[in-house]
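One structure is given here, and the rest of the page talks about it.
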Amino acid sequence: MARILITSAIPYINGIKHLGNLVGSQLPADLFARYKRARGDEVMFICATDEHGTPAELAAAKAGKPVDEYCAQMWAVQKELADGFALSFDHFGRSSSDQNRVLTQHFAKRLGENGLIEVVTEKQIYSVADGRFLPDRYIEGTCPNCGYERARGDQCENCTKQLEPTDLIEPRSAISGSTELEVRETRHLYLRQSQLRDKLDAWIDSKTDWPVLTTSIARKWLHDGDGLRDRGITRDLDWGVPAQFEGAPWEGMEGKVFYVWFDAPIEYIAATWEWADAQGLSQKDWHRWWRTDEGAEDVRYVQFMGKDNVPFHTLSFPATIMGSGEPWKLVDYIKSFNYLNYDGGQFSTSQGRGVFMDQALSILPADYWRWWLLSHAPENSDSEFTWENFQVSVNKDLADVLGNFVSRVTKFCRSKFGETVPEGGEWGEAERRLISDIDSDLQAYEQFMDKMEIRKAAGALRAIWVAGNEYLQSAAPWAVFKEDPERAAAIIRMALNLIPFYAVLSAPFIPGASGRMLEAMRAENVGWPEDVEEALAALPPGHAFEVPDVLFAKISDDQRETWQAEFSGKRD
RNA sequence: GGGCCUGUAGCUCAAUUGGUUAGAGCAGAGCGCUCAUAACGCUUUGGUUGGGGGUUCGAGUCCCUCCGGGCCUACCA
């Protein structure tokens with residue numbers, strides 16, 4: 001039994017995520033986790049909320065709450081939505097956990113002892129009115145290049161010119177609008193990634209099977225200009241893992257915390273520890289996933305993320321692990337995604353443009369979204385959500401091809417034979433052909449799933465659904481029944497057996513409907529098919545079932561138009 | 001400015017990495033079926049692969065150039 005460690009990029013705590021965020025990491029990770037579990041592998045599937053940093057502090061202030069309280073609340077909201085989308089995390093942790101504090105400080109200490117951390121004095125903009133140092137992005141002013149009045153301190157959105165905050169004319173705090181800004185000196189810890197450049201470079205070079213999107217971003221950072229640069233890993237903030245702690249190999253970092261991108265990936269490990277604690281398990285139970293000296297040598301570790309997260313997962317997190325000099329597990333495969341656009345533009349959290357996770361669940365069951373998003377996952381380039389495409393895909397694939405198949409088979413059986421699998425008759429040439437067709441489709445499906453080629457996997461699965469309709473159409477039990485009821489019984493027995501078979505294969509995509517199919521067929525303990533012919537005889541003659549309710553109601557034109565209008569504008 | 005990705009049928013996407021006549025699904029057209037959620041099946045119409053040039057026996061694939069789209073560019077996360 002293989003062991004697979006799967007992590008999804010951890011969503012930022014600040015607000016509800018949109019469908020683009022969902023399809024970029026959590027959802028495909030869940031697909032893979034469900035598939036691997038179904039195949040009998042031992043899976044550890046980890047996600048968490050990323051809670052530290054300036055935006056969390058600001059959002060909490062805006063909500064009028066202490067930041068820890070705000071984060072606890074938003075964690076609960078995100079957890080509920082994750083459950084709503086049937087994301088099957090083994091643990092959904094929090095980067096603000098004690099476990100993460102301990103591990104983050106541990107890694108920092110090890111890096112310090114290994115000479116990979118340096119204290120750097122730098123100048124930064126301080127806002128007196130806000131009482132905090134401001135990240136460049138949080139400084140606004142007039143662009144010296146184009147005159148745009150709302151240019152940010154790192155870049156002008158209007159003319160795309162890169163800026164320093166001091167370049168701005170009439171700079172002000174983006175938080176309060178205050179112009180009372182000063183340049184102050186501050187000291188920070190830097191991770192000396194440059195020391196590890198050759199090691200990282202060789203490591204990336206060894207990953208010949210990784211998506212181009214993943215390796216090209218890593219290489220750009222490794223080779224651009226003077227090569228991989230050292231990176232500040234602390235910030236002047238209150239909310240985060242304290243950078244000064246007992247046993248720290250440096251001094252004078254009081255009042256500073258680690259930068260989110262230092263502690264967030266460590267949370268993958270910490271969340272596994274949180275899982276062990278929650279389960280009442282011991283250290284060795286989570287170490288066997290993460291420590292190659294304690295059993296993780298044979299673990300395959302796969303990460304899922306949007307392309308914006310790639311540098312941190314290909315460079316700074318591996319640098320942290322390599323630099324620790326300890327046998328922590330490095331990632332084996334990174335599956336990265338492009339962006340999903342919305343109706344001709346980008347999804348936008350700040351503008352409330354697009355469909356957000358809570359809204360999606362309020363109008364349709366998770367399976368609809370899961371199917372569309374996964375079968376259109378932005379694997380090779382950015383892809384686009386349109387309501388028309390969503391309506392047509394869902395109606396055709398789920399309602400017509402799969403849902404209607406279940407409906408026509410179970411209802412026909414009920415009317416001719418009752419709600420039990422009929423006996424009599426023999427399988428013949430038509431059944432042998434069906435089994436052989438499905439067998440080759442199934443192999444394709446499994447190969448695509450193993451390789452995480454999600455769109456292609458969805459296509460292969462759909463082909464298996466279609467095969468049922470083709471079979472039924474040519475076998476035509478409704479016509480055969482008039483002359484040869486025994487033969488019709490054999491056909492319908494096969495068709496009924498396709499239902500739990502489909503349910504099992506489809507569960508990674510549409511777990512809800514799959515569950516209902518198995519329940520209706522009273523076949524809850526059917527497992528992944530080892531042998532197609534055998535699997536299609538799982539329900540024996542005499543086995544009772546019931547006709548399920550409509551599995552997927554169609555999306556009407558009226559609904560589509562309503563939603564299209566509803567989600568085009570602003571979210572309140 | 002630099003780097004990377006990308007442009008294929010009305011739409012969403014493929015194309016075994018340079019190898020026959022560029023394929024699927026949806027939409028459209030025709031036929032069949034009547035068990036079923038007006039569902040299903042079969043057949044079928046759509047392409048000068050963004051434009052131009054080049055390399056090659058052979059180019060969607062490689063090179064150059066132009067045009068369009070996107071992402072990243074290290075202090076948002």
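First the proteins, then the strands, lettered A, B, ... as listed; each starts at 1.
- For the residue pair E51(A) / N14(A), no side-chain donor-acceptor distance below 3.5 Å is found, with atom types taken as modelled.
- The L551(A) side chain lies nearest to U37(B) when the options are U34(B), U37(B), G41(B).
- Residue R455(A) has a polar side-chain atom (N or O) positioned under 4.0 Å from OP1 or OP2 of C13(B).
- Side-chain N/O atoms of N404(A) and base N/O atoms of A39(B) include no donor-acceptor pair closer than 3.5 Å.
- Nucleic acid contact for F552(A): base, since at least one base atom lies under 4.0 Å from a heavy atom of the residue.
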### Message
Before you tell me yes or no, could you show the steps for R487(A) and E431(A) under salt bridge (Lys or Arg N to Asp or Glu O under 4.0 Å), namely the whole-Å CA-CA distance, both residues' side-chain angles and the distance that decides it to 0.1 Å?
### Response
CA-CA 12 Å; R487(A) 170 66 190 147; E431(A) 286 72 25; 3.0 Å; yes
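- For F337(A) and C5(B), the CZ to P distance is 19 Å, given to the nearest whole Å.
- Regarding W478(A), its CH2 atom lies at a distance of 9 Å from the C1' atom of G41(B), rounded to whole Å.
- If you check every strand for non-hydrogen atoms under 4.0 Å, Q124(A) touches a base.
- Closest approach to the L228(A) side chain among A74(B), A36(B), A77(B) is made by A74(B) (side chain taken as heavy atoms from C-beta onward).
- Contact check for T410(A) versus M521(A): side-chain heavy atoms found under the 4.5 Å cut-off.
- Atom CD in Q473(A) sits roughly 9 Å away from atom C1' in C35(B) (whole-Å rounding).
- Between E122(A) and R187(A), none of the side-chain N atoms (NZ, or NE/NH1/NH2) sits under 4.0 Å from a carboxylate O, so this pair counts as no salt bridge.
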### Query
For RNA chain B, what string of dots and brackets results from 5' to 3' when Watson-Crick and G-U pairs need both distances under 3.5 Å, crossing pairs get [ ], and pairs with another strand get |?
(((((((..((((.....[...)))).(((((.......))))).....(((((..]....))))))))))))....
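- Between Y342(A) and F385(A), the two ring planes are parallel [angle under 30°; tilted spans 30° to 60°].
- Nucleotide U17(B) carries a syn base; the chi torsion (O4'-C1'-N9-C4 or O4'-C1'-N1-C2) is within 90° of 0.
- With A77(B), U37(B), G41(B) as the candidates, the nucleotide lying closest to the side chain of D308(A) is A77(B).
- For A15(B), one of the phosphate oxygens OP1 or OP2 lies less than 4.0 angstrom from a side-chain nitrogen or oxygen of K456(A).
- Nucleotides A77(B) and G23(B), compared at atom C1', are 41 Å apart to the nearest Å.
- Map K416(A) and P11(A) each onto its nearest nucleotide of RNA chain B; the residue landing nearer the 5' end is K416(A).
- Mapped onto RNA chain B by nearest heavy atom, V260(A) and V466(A) fall at different nucleotides, with V466(A) at the one closer to the 5' end.
- More than 12 heavy atoms of other residues, nucleotides or ligands shown are found within 6.0 angstrom of CZ on R414(A).
- Within 90° of 0 lies the glycosidic angle of G46(B), which makes this nucleotide syn.
- Here the C1' atom of nucleotide C75(B) and the CG atom of L191(A) are 16 Å apart, to the nearest Å.
- Among the protein residues, F481(A) comes within range of no part of the nucleic acid, since none of its heavy atoms lies under 4.0 Å from any strand.
- U16(B) and A27(B) have their P atoms separated by 27 Å, with the value rounded to a whole Å.
- A sub-4.0 Å separation between OP1 or OP2 of U37(B) and a side-chain N or O of K411(A) is present.
- Using modelled atom types and a 3.5 Å distance limit, the side chains of Y268(A) and H313(A) yield a donor-acceptor pair.
- Side-chain proximity of W221(A) to A77(B), A74(B), U37(B): nearest is A74(B).
- Side-chain N/O atoms of R137(A) include one lying less than 4.0 angstrom from OP1 or OP2 on C76(B).
- Regarding contacts with the backbone of A39(B), a side-chain N or O of K554(A) is found under 4.0 angstrom from either OP1 or OP2.
- By the neighbour-count criterion of 12 heavy atoms within 6.0 Å, atom CD of E483(A) is sparsely surrounded, having that number or fewer from other residues, nucleotides or ligands.
- Ring geometry for H18(A) versus F347(A): interplanar angle under 30°, hence parallel rather than tilted (30 to 60°).
- A salt bridge does not link R94(A) to D50(A): none of the charged side-chain nitrogens sits closer than 4.0 Å to a carboxylate oxygen.
- A donor atom on one side chain and an acceptor atom on the other are not found under 3.5 Å apart for T54(A) and W239(A).
- For A399(A), taking side-chain heavy atoms from C-beta onward, the closest of the listed nucleotides A77(B), U73(B), U37(B) is U37(B).
- Between A29(B) and C66(B), the two C1' atoms lie 39 Å apart (nearest whole Å).
- Using a 4.0 Å cut-off between charged side-chain N and carboxylate O, D238(A) and R132(A) make no salt bridge.
- Minimum atom distance to the side chain of L472(A) is reached by C35(B), of the listed A74(B), A77(B), C35(B).
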What's touching nucleotides 25-29 of chain B from the protein side, N or O pairs under 3.5 Å?
residue	atom	partner	partner atom	Å
G25(B)	O3'	R462(A)	NH2	2.9
C26(B)	OP1	R462(A)	NH2	3.4

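- For P55(A), counting side-chain heavy atoms from C-beta on, the closest listed nucleotide (G2(B), C76(B), G41(B)) is C76(B).
- Applying the 4.0 Å criterion to OP1 and OP2 of C75(B), one finds that R231(A) has a side-chain N or O inside that range.
- Computed from coordinates, the L402(A) CG to A36(B) C1' distance equals 13 Å when rounded to whole Å.
- C76(B) and A39(B): their C1' atoms are spaced 49 Å apart (whole Å).
- Residue-level contact check: S383(A) touches the backbone only, with heavy atoms under 4.0 Å from sugar-phosphate atoms and none from bases.
- A59(B) and U21(B) have their P atoms separated by 10 Å, given to the nearest Å.
- Applying the 4.0 Å criterion to OP1 and OP2 of A77(B), one finds that Y138(A) has every side-chain N and O outside that range.
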